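All values reported here derive from a predicted model rather than from experimental measurement. Side chains included, hydrogens not; waters and symmetry mates left out as well; all remaining heavy atoms used.
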Amino acid sequence: MKIRASKFSFIISAFLFTSAQAQQKSSLTQYVDPLIGSAKHGHVFVGANVPFGAVQLGPNNIMEGWDWCSGYNYISNTITGFSHTHLSGTGIGDLGDLSIMPATGQLILEKGKKGEEDKGYLSKFTHENEVAKAGYYSVLLEKYGIKAELTATPRVGFHQYTFKPNAVNPHLMLDLIEGIGWDAPTSVSFKQVDATTIVGHRNSKGWADDQRFSFVIKLSQPVNSFTIYDDGKAQTSKDVKAKKLTAVVGFKNINNNVLQIKVAISPVSIENAILNLNTELPGWDFKSTVKKADTQWENELAKVKIGASNTTKKIFYTALYHTMVAPSLYNDVNKDYRGSDQKVYKKGNFTNYTTFSLWDTYRAANPLYTILHQDRVNDIVNTMLAIYQQQGKLPVWHLMGNETNTMVGYHAVPVIVDAYLKGYRGFDTKLAFEAVKQSAMQKTNGIEYIQKLEYIPAEKVGESVAKALEYAIDDYCIAQMAKAMGNTQDYEYFSKRAQLYKKYFDPQSHFMRGRLTDGSWHLPFDPLRSLHRGDDYTEGNAWQYTWLVPQDVEGLINLFGSDAAFTNKLDSLFTTPSALTEASSPDISGLIGNYAQGNEPGHHIPYLYAYAGQPWKTADLIRRIDNEFYTAKPDGLCGNEDVGQMSAWYVYTAMGFYPVNPANGTYVFGTPLVNDATISLKGNKKFSIKVIDNNASNKYIQKVVINGKPYTKSYLLHQTIMNGGTMQIYMGSKPSATFGVAKADRPLN
């Protein structure tokens, strides 16, 4: 039978349209909304990037305070430019390197201020004209009628600006002065190489004390003029090095009304930035680059496929997306990187990373990587070991090759130990143990008092209780690594130190409290009181810190005297009204009584009921936290995202379990928020979860079946997941009288 050409074309078009529809329907990136968490205290990055990429290319608003730590907050309606590096979910602002802003009309050199927006070159925008997706961002700059579009490769930001026809005096504002938060330049430069190429550097001082950033800007058409301004004064030279530089790039017109810009960055040199550009993005196909970015995100998101409502999928996949903004690449395509000693290391034998928010991420985000990102775990550990060799200690809160020493604890330790105990061996294990042990033998931040197997005196060291409890977790991890390596002496020593949390437990009040040098309790004492950086706790109070013993929950229960006393006190945590004041940390958010979901030290607390044989109370809390504190709206996070930890809590929890102990390979069951999940593992293995009769009423686990066999434990082993297989979780509307109740079925310490 013959088919006419027109009919054949129609059939082909219909097939392609149907295929495109099917592809969109199956796409997981469609559920990612980077605007979730961009309002209130979420502080998430909004813009274009790829998983774990060095470039986070996105808009900056007028800075209005703490809630603009990422450079952007949803309540703003201004854009001052698009910069190439951003933090996501931190409580301190930094980066914002190299801002580019397209403009037309009269040349205005000042950005503009709040209340005086019309006097600057900034533009207003509306969210109706804004699109944020995984790997793509666009917005209409109302002042100029310019459509801005952004995408990225790992080390290159790709801009596309569509101007109005016959735009008058089209130009670009380049800014090397203003960063985000504390960031300020120390040395910067611009140099025009040819009609379409500008290079330079931006060294700055902020949260990262000595950040070094090199770049190359490649334009899709020749410039008509290039003027560099030093502290507002025009320079005649096209090659200027100073401290406060901006520049204006002028064009006679915009070819076909579209201007494209590629910006490659490097922590090492301009030459390496050029190499990154030529390697990662030699062409000018913007749509293709957007598609590649989307594919990279799709491949990572597809490691977990869930069955759930569209709203739950949106929350889940955005959370999973947020766990992959950082740690970010901190090397070049040839593996060159800048170390913590500011030396350049050529052709490294591992992939170097930065942005380690370890006080947060050791709890769940890093354990999540051991399941979903097995190809990155060894590189993360090797990065930490390189930092140890270069700066003399493991990272605490590492940013752009700088140690910020932010927050308490030496939490690179559980990350390294967790990897080691789970079988990762792509690093020097002898050096790794040396490094984790050295962390615990420092003579600073109260660690010197711990070394005497005593306690940290509250009058000598601030935040003494929080520090000591965090140190005990880390010391437990060192002990486990020593045990696994056959090092009996260190195992015994650090096991004793891991038990020192008991020194702070007051058997009368049943709170963790500060002690003075003479052994007496620190007075006055109010368990509700929280004074930011001014008491015995870190961003919290006694109600919140009493439970920070994830390495020995059974030991904590014994301090209370019984399961009943433990659970009665734990019940009270969620019902006792908070008494926060303006002097309290703003990080204490997402409150249920005195429980703070918005701050990481409490993330394990809802799961503690399982250790006392009452797992149904965990289920009640998790469903409440899910309903109240994780939504698909811009204010859908109740606290700082904290570089993936807030979202990692949700990813684990939605699948039905959580790593209370950060390094023993045990996940405590809660209540699944999804109907099914399939985790793709290395070697084409899969671990599939099917939740039977799951709904709003049926929130309690009745029984679990793993690989066809009944499973009575209220915890799941990491190795069970990694072996692959199937797990069925049966749900009901009433608490089970048997599941997880028996002593033998409770979680392991």
> Any donor and acceptor pair, going by atom type alone, linking the side chain of T151 with main-chain N or O of F158 inside 3.5 Å?
Replying inline: no

>> Between S309 and T311, do the side chains contain a donor N or O and an acceptor N or O under 3.5 Å apart?
In response: no

> If only atom types and distance count, is the side chain of W297 paired as donor or acceptor with the main-chain N or O of N49 below 3.5 Å?
Replying inline: yes

>> With a sphere of 6.0 Å drawn around CG of D194, does it hold more than 12 non-hydrogen atoms of other residues, nucleotides or ligands?
In response: yes

> Near K113 NZ, under 6.0 Å, is it more than 12 heavy atoms from other residues, nucleotides or ligands?
Replying inline: no

> Counting distance only, does the side-chain N/O of K111 pair as donor-acceptor with the main-chain N or O of T80 below 3.5 Å?
Replying inline: no

> Looking at T406, D94, D183, which one forms a side-chain hydrogen bond (donor to acceptor under 3.5 Å, both in side chains) with W207?
Replying inline: T406

> What are the two closest heavy atoms between N203 and F213, and how far apart are they?
Replying inline: OD1-N, 3.7 Å

>> I'd like to know if the side chain of N402 reaches the main chain of D209, judged simply by a donor and an acceptor atom lying under 3.5 Å from each other, with no hydrogens or angles considered.
In response: yes

>> To check you understand the geometry: which heavy-atom pair defines the closest contact between V258 and Q221, and what is its length?
In response: O-OE1, 4.4 Å

>> Assess the residue pair F45 and H43 against the criterion (ring-ring contact (aromatic ring centres under 6.0 Å, His included)); give the C-alpha distance rounded to whole Å, side-chain angles, the decisive distance to 0.1 Å, and a yes or no.
In response: CA-CA 7 Å; F45 161 66; H43 300 183; over 10 Å; no

> Is it true that atom NZ of K143 has more than 12 heavy atoms of other residues, nucleotides or ligands lying nearer than 6.0 Å?
Replying inline: yes

> Ring centres of Y31 and F316 under 6.0 Å apart?
Replying inline: no

> Where do R212 and D210 land on the salt bridge (Lys or Arg N to Asp or Glu O under 4.0 Å) test, with the steps shown first?
Replying inline: CA-CA 7 Å; R212 306 190 187 189; D210 183 8; 2.9 Å; yes

> Do we see a donor-acceptor contact under 3.5 Å between the side chains of N366 and T361?
Replying inline: yes

>> Regarding H201 and S187, do their side chains bring together a donor and an acceptor under 3.5 Å, going by distance alone?
In response: yes

>> With ring-ring contact (aromatic ring centres under 6.0 Å, His included) as the criterion, how do F350 and Y337 come out once you've worked through the C-alpha distance, each side chain's angles and the decisive distance to 0.1 Å?
In response: CA-CA 10 Å; F350 63 94; Y337 72 94; 5.6 Å; yes

>> Centroid separation under 6.0 Å, is that true for the rings of F82 and H84?
In response: no

> Does the side chain of D97 pick up a donor-acceptor pair with the side chain of Q211 at under 3.5 Å?
Replying inline: yes

> T354 side chain to M400 main-chain N or O, any donor-acceptor pair under 3.5 Å?
Replying inline: yes

> Could you walk me through whether T351 and R376 pass the side-chain contact (heavy atoms from CB on, under 4.5 Å) check?
Replying inline: CA-CA 8 Å; T351 298; R376 299 181 190 272; over 6 Å; no

> So, D642 versus S357: side-chain donor-acceptor pair below 3.5 Å or not?
Replying inline: no

> Going by the angle between their ring planes, with limits at 30° and 60°, are Y630 and W649 parallel, tilted or perpendicular?
Replying inline: parallel

> Which heavy atom in Y353 sits nearest to a heavy atom in P327, and how many Å separate them?
Replying inline: CD2-O, 3.8 Å

>> Distance alone, cut at 3.5 Å: any donor-acceptor contact between the side chains of T78 and K124?
In response: no

>> Working note: S266 + N276, criterion side-chain hydrogen bond (donor to acceptor under 3.5 Å, both in side chains); need CA distance, chi angles, decisive distance, verdict.
In response: CA-CA 8 Å; S266 166; N276 292 339; 4.6 Å; no

> Side chains of N334 and D336: donor-acceptor distance under 3.5 Å anywhere?
Replying inline: yes

> Got more than 12 heavy atoms from elsewhere within 6.0 Å of CG, N129?
Replying inline: yes

> Shortest non-hydrogen contact from L87 to S70?
Replying inline: O-CB, 3.4 Å

>> Regarding H398 and S340, do their side chains bring together a donor and an acceptor under 3.5 Å, going by distance alone?
In response: yes

> Where do F629 and M646 land on the side-chain contact (heavy atoms from CB on, under 4.5 Å) test, with the steps shown first?
Replying inline: CA-CA 11 Å; F629 300 132; M646 194 69 66; over 6 Å; no

> Between N73 and S76, does any side-chain donor sit less than 3.5 Å from a side-chain acceptor?
Replying inline: no

>> Determine whether I79 and S123 satisfy the following criterion, side-chain contact (heavy atoms from CB on, under 4.5 Å), listing intermediate values before the conclusion.
In response: CA-CA 5 Å; I79 290 178; S123 174; 5.5 Å; no

> Does K238 NZ have over 12 foreign heavy atoms under 6.0 Å away?
Replying inline: yes

> To the nearest 0.5 Å, what is the distance between CG (L399) and OH (Y330)?
Replying inline: 8.5 Å

>> If you compare all heavy atoms of P170 against all heavy atoms of N253, which two are closest, and at what distance to 0.1 Å?
In response: CG-CA, 4.1 Å

>> Distance check, rounded to the nearest 0.5 Å: R202 atom CZ versus I265 atom CD1?
In response: 12.5 Å

> So with a 6.0 Å cut-off around CD of E142, is the heavy-atom count from everything else above 12?
Replying inline: yes

> Listed by chain and number, what are the side chain to side chain donor-acceptor pair (under 3.5 Å) partners of T631, not counting sequence neighbours?
Replying inline: none

>> Would the distance check show the side chain of S237 and the main-chain N or O of V240 forming a donor-acceptor pair, the cut-off being under 3.5 Å?
In response: no

> What pair of heavy atoms forms the shortest contact from V168 to T104, and how long is it?
Replying inline: O-CB, 3.4 Å

> Under 6.0 Å from the NZ atom of K292, do we count more than 12 heavy atoms belonging to anything else shown?
Replying inline: no

> Which residue, S38, S88, S647, forms the side-chain hydrogen bond (donor to acceptor under 3.5 Å, both in side chains) with E641?
Replying inline: S647

